[in-house]
Structure formats: structure tokens, C-alpha cells
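The block underneath contains the structure these notes are about, expressed in C-alpha cells.
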Amino acid sequence: MKQHIYPFFSYIKYWLYHEDQYSLQSPAIYKIYTELLSFIKERKAVDLDLEEIRKTLLKDQDILSIADFGAGSKKLKSNERKTGEVTKHSTSGRKFSQLYQYFIRLTPANQVLELGTCTGINARYLSRATKGDFHTFEGSEALWRKAQELPTDSNSNYTLGKIEESLPVVLDKIKSVDFALIDATHTSAGTMTYFNLLLPYLHEKSILAIADIHWSKGMYQAWQEIRKHPAVSMDLDFYEAGILFFDKKLPKSSYILRL
């Protein structure tokens with residue numbers, strides 16, 4: 001199935017099966033979900049300076065020579081891309097950046113990782129929620145440089161290089177991962193590789209987010225395989241992203257939720 005058609009049918013299936021807070025039976029997921037909705041609602045006037053950075057990047061006409069190591073972009077076929085177009089088509093919206101912030105806050109938040117920096121908007125949101133060190137990884141030098149042109153937080157570390165090579169080096173140093181966002185490559189093989197690299201460093205309080213789980217058939221297959229892993233206790237499908245818990249106190253369960 002063509003890449004641009006698959007998400008449409010996947011969204012119909014998601015829409016038919018998604019639940020709202022009133023249909024949730026588990027007290028644990030009801031609490032997590034309702035507090036997530038409240039968190040986003042209450043933060044309408046928070047981090048607006050990051051939205052000003054988004055506006056600046058959306059207007060940026062600099063041409064970036066993108067080194068693609070994965071599935072590439074559905075919207076932008078050339079490797080020569082304007083910063084504004086990359087920001088428009090390849091970065092999370094504010095609501096999902098806040099979703100990631102919320103789930104970071106459910107962890108110790110001492111070691112937070114992002115795989116796939118892009119132009120750096122998510123990196124800034126994630127670093128704001130991090131109590132300790134934040135690490136973001138990018139394979140394309142043009143994006144790595146662009147992401148750091150505007151002010152960044154002092155706890156942020158920007159790593160350049162193929163993620164499958166640079167990630168193990170950082171993991172060996174930090175020893176443990178509290179939260180990680182996989183938002184790179186967008187292939188089944190790449191996503192599985194990142195998950196398997198991260199897995200030994202996750203603990204019961206860790207949370208893992210995977211972006212674009214319905215982006216393609218391959219990405220959805222990777223999501224299905226990962227969420228069924230014995231180490232995963234609970235998984236949440238928000239269509240644009242999936243969230244994984246590793247706390248054995250939580251019952252093995254899956255939920256399809258709307259944001």
C-alpha cells in the first residue's frame with residue numbers, strides 16, 4: 001500500500017476503536033489520561049516562547065542539505081529543503097510536545113533522550129520537563145546545526161552522527177534512561193533497532209514514546225511488535241504517537257486514546 005494512503009485507512013480504524021475517559025474501566029489509566037488532558041488544558045499560556053521559536057523556524061528560508069538515513073519525507077522529496085518546510089512537515093505540534101512533557105513528569109526525569117532532533121522544537125519542550133540531563137540525537141549535520149542556532153537550555157546535549165552508532169556511546173555513560181522519544185528514521189527496522197538499544201537501560205519507572213506509529217505499514221508493524229514485548233506492561237495509542245510503560249505493577253493492557 002502506498003505510503004500516503006496507508007495512514008488514511010489506519011486513522012479510520014483508530015477513530016472507530018478509540019476510547020474517551022468515560023469508557024475507561026481501569027482507575028490507573030483513567031487517572032493518567034484525565035491528568036494528561038488537564039495538563040495540556042492548564043498549559044495554554046506556558047512555554048509560549050517556544051512557539052515564538054517555532055514561528056521563527058517556519059519563516060526561515062535557509063536551504064538545508066538533509067542527509068536522510070531512513071524513510072525520508074512524504075511531503076518533501078528533495079534533500080535540499082527550506083527550514084520552514086522541514087519545520088512545518090517534520091516536527092510535532094504543540095499538543096504532542098506537551099504530551100511528551102506530561103509523560104516525562106511521570107518518570108524520575110533525570111535522563112531524558114530524543115532520537116531525531118529535526119529543527120529542535122521538541123528538544124526544547126522535552127528539556128524544559130527534564131530535571132537532569134537531556135540528550136538529543138540527529139543524523140543530519142544540517143539539521144543538527146540549525147537546531148542549535150536559537151537559544152537552548154543548559155541541560156541539553158546535541159549529538160551528531162548515525163544514531164545506531166552514537167546512541168550506545170551515550171547509553172554506556174548514563175547507564176539508565178527515564179524517558180526516551182523515538183522520532184527518527186521512521187522505518188520498521190530502524191525503530192526496532194532503537195528499541196532494542198534502549199531496552200537494557202529502561203527500568204520500571206521508565207516511559208518510552210514512539211512518534212508516527214501509523215506513518216506507514218512498517219511503522220505500525222514495529223509498534224505492534226514492541227507493544228507486545230514482555231517488558232512492556234501498558235501501551236497507549238494516540239495515533240500520532242504511542243506510549244509504553246514498563247511498570248510491572250500495571251496490568252498488561254492496551255488503550256487507543258484521543259488527544
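Classification of Asp153 and Arg128 as a salt-bridged pair holds, one side-chain N sitting under 4.0 Å from a carboxylate O. Salt bridge Lys55/Glu51: absent, no basic N to carboxylate O contact under 4.0 Å. In summary, Glu149 and Arg145 do not engage in a salt bridge, as defined by a charged side-chain N under 4.0 Å from a carboxylate O. Classification of Arg54 and Asp47 as a salt-bridged pair fails, no side-chain N sitting under 4.0 Å from a carboxylate O.
Side-chain contact between Thr193 and Phe195 is absent, with no heavy atoms from C-beta onward closer than 4.5 Å. Lys82 has its side chain out of reach of Asp60: every pair of non-hydrogen atoms, C-beta onward, lies at least 4.5 Å apart. Contact annotation: the side chain of Ile163 approaches that of Tyr194 to within less than 4.5 Å [non-hydrogen atoms, C-beta and beyond]. The shortest side-chain heavy-atom distance between Tyr125 and Ile104 does not fall under the 4.5 Å cut-off. Looking only at side-chain heavy atoms (C-beta outward), Leu181 and Leu115 stay at 4.5 Å or farther from each other. Side-chain contact between Leu126 and Gln101 is absent, with no heavy atoms from C-beta onward closer than 4.5 Å. The shortest side-chain heavy-atom distance between Phe137 and Glu114 does not fall under the 4.5 Å cut-off. The shortest distance between side-chain heavy atoms of His18 and Leu257 does not fall below 4.5 Å.
Gln148 places a side-chain N or O within donor-acceptor distance of the main-chain N or O of Trp144, the cut-off being under 3.5 Å. Side-chain N or O atoms of Ser127 include one that pairs as donor or acceptor with a backbone N or O of Arg124 at under 3.5 Å. Proximity of a side-chain donor or acceptor of Glu138 to a complementary backbone N or O of Cys118 within less than 3.5 Å is detected. Between the side chain of Ser38 and the backbone N or O of Glu35, no donor-acceptor pair lies under 3.5 Å. Of the possible polar contacts, none joining the Asp183 side chain to the Ala211 backbone as a donor-acceptor pair under 3.5 Å is found. A donor-acceptor pair under 3.5 Å is absent between the side-chain atoms of Thr117 and the main chain of Gly120, judged by distance alone. Checking side-chain atoms of Thr130 against main-chain N and O of Asp133 turns up no donor-acceptor pair under 3.5 Å. Distance alone, capped at 3.5 Å, places no donor-acceptor pair between the Thr185 side chain and the Thr187 backbone.
Note that CD of Gln98 and NZ of Lys44 are 10.0 Å apart. Values are rounded to the nearest 0.5 Å. Distance check: Thr107 OG1 to Asp247 CG gives 12.0 Å after rounding to the nearest 0.5 Å. For the atom pair NE2 (His135) and CG (Asn155), the distance works out to 9.0 Å, reported to the nearest 0.5 Å. In this structure, OG in Ser90 is found 9.0 Å from CG in Asp212, a value given to the nearest 0.5 Å. Here the CZ-CD1 distance, from Phe179 to Ile207, works out to 7.0 Å after rounding to the nearest 0.5 Å. Here the CD1-CH2 distance, from Ile213 to Trp223, works out to 5.0 Å after rounding to the nearest 0.5 Å.
Checked options Arg227, His214, Arg258; the residue passing with Asp237 is His214 (criterion: side-chain hydrogen bond (donor to acceptor under 3.5 Å, both in side chains)). Just one residue in the list Leu198, Thr159, Thr136, Leu208 forms a side-chain contact (heavy atoms from CB on, under 4.5 Å) with Leu113, and that residue is Leu198. Test Trp15, Phe8, Tyr220, Tyr11 against Tyr239 for ring-ring contact (aromatic ring centres under 6.0 Å, His included) and you get one pass: Tyr11.
Residue-environment remark: NZ (Lys59) stays at or below the threshold of 12 foreign heavy atoms within 6.0 Å. Around atom CD of Glu204, more than 12 heavy atoms belonging to other residues, nucleotides or ligands sit under 6.0 Å away. Atom NZ of Lys173 has 12 or fewer neighbouring heavy atoms from other residues, nucleotides or ligands inside a 6.0 Å radius.
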Next item on the list: Could you please spell out the steps behind the side chain to side chain contact (heavy atoms under 4.5 Å, CB included) verdict for Glu80 and Leu64?
Entry: CA-CA 6 Å; Glu80 302 292 317; Leu64 304 177; over 6 Å; no

Checklist line | side chain to side chain contact (heavy atoms under 4.5 Å, CB included) assessment of Met234 paired with Phe246 | finding: CA-CA 7 Å; Met234 185 170 72; Phe246 300 84; over 6 Å; no

Next item on the list: Determine, step by step, whether Val112 and Val177 satisfy the side chain to side chain contact (heavy atoms under 4.5 Å, CB included) criterion, reporting the C-alpha distance in whole Å, the side-chain angles of both residues, the deciding distance to 0.1 Å, and the verdict.
Entry: CA-CA 6 Å; Val112 174; Val177 174; over 6 Å; no

Next item on the list: Would you check, one step at a time, whether the test side chain to side chain contact (heavy atoms under 4.5 Å, CB included) holds for Met219 with Ile210?
Entry: CA-CA 10 Å; Met219 281 297 294; Ile210 303 177; 4.3 Å; yes

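Ring geometry for Phe39 versus Tyr102: interplanar angle of 30 to 60°, hence tilted. Below 30°, between 30° and 60°, or above 60°: for Phe238 and Tyr33 the angle between ring planes is between 30° and 60°, a tilted geometry. Using the six-membered ring where Trp is involved, Trp215 and His186 have ring planes that are tilted, between 30° and 60° apart.
Linking ILVMFWY residues whenever their side-chain heavy atoms come closer than 4.5 Å, directly or via other members, places Ile256 and Ile12 in the same cluster. Two different hydrophobic clusters hold Ile121 and Tyr158 under the rule that ILVMFWY side chains link at heavy-atom gaps under 4.5 Å. Hydrophobic clustering (side-chain heavy atoms under 4.5 Å, transitive across Ile, Leu, Val, Met, Phe, Trp, Tyr) keeps Val46 apart from Leu48. By the criterion of side-chain heavy atoms lying less than 4.5 angstrom apart, applied directly or through intervening Ile, Leu, Val, Met, Phe, Trp or Tyr residues, Ile53 is not grouped with Leu58; the two fall into different hydrophobic clusters.
Taking all atoms of both residues into account, the shortest heavy-atom contact from Leu57 to Lys146 is CD2-CD, 4.2 Å. Asp235 and Ser254 make their closest contact through OD1-OG, 2.6 Å (heavy atoms, listed as atom of the first residue, atom of the second, distance). A pairwise comparison of heavy atoms in Pro168 and Leu197 identifies CG-CD2, 4.0 Å as the closest pair. The two atoms that bring Ala123 and Phe134 nearest to each other are O-CE2, 3.5 Å, heavy atoms only. In plain terms, the two heavy atoms of Ser65 and Ala142 that are nearest each other are O-CB, 3.4 Å. Closest approach of Ala209 and Tyr100 over heavy atoms only: CB-CE2, 3.9 Å.
Evaluation of the salt bridge (charged side-chain N to carboxylate O under 4.0 Å, His left out) rule for Arg105 yields no partner, not counting sequence neighbours.
Looking at Ser97 and Asn122, their side chains do bring a donor and an acceptor atom within 3.5 Å of each other.
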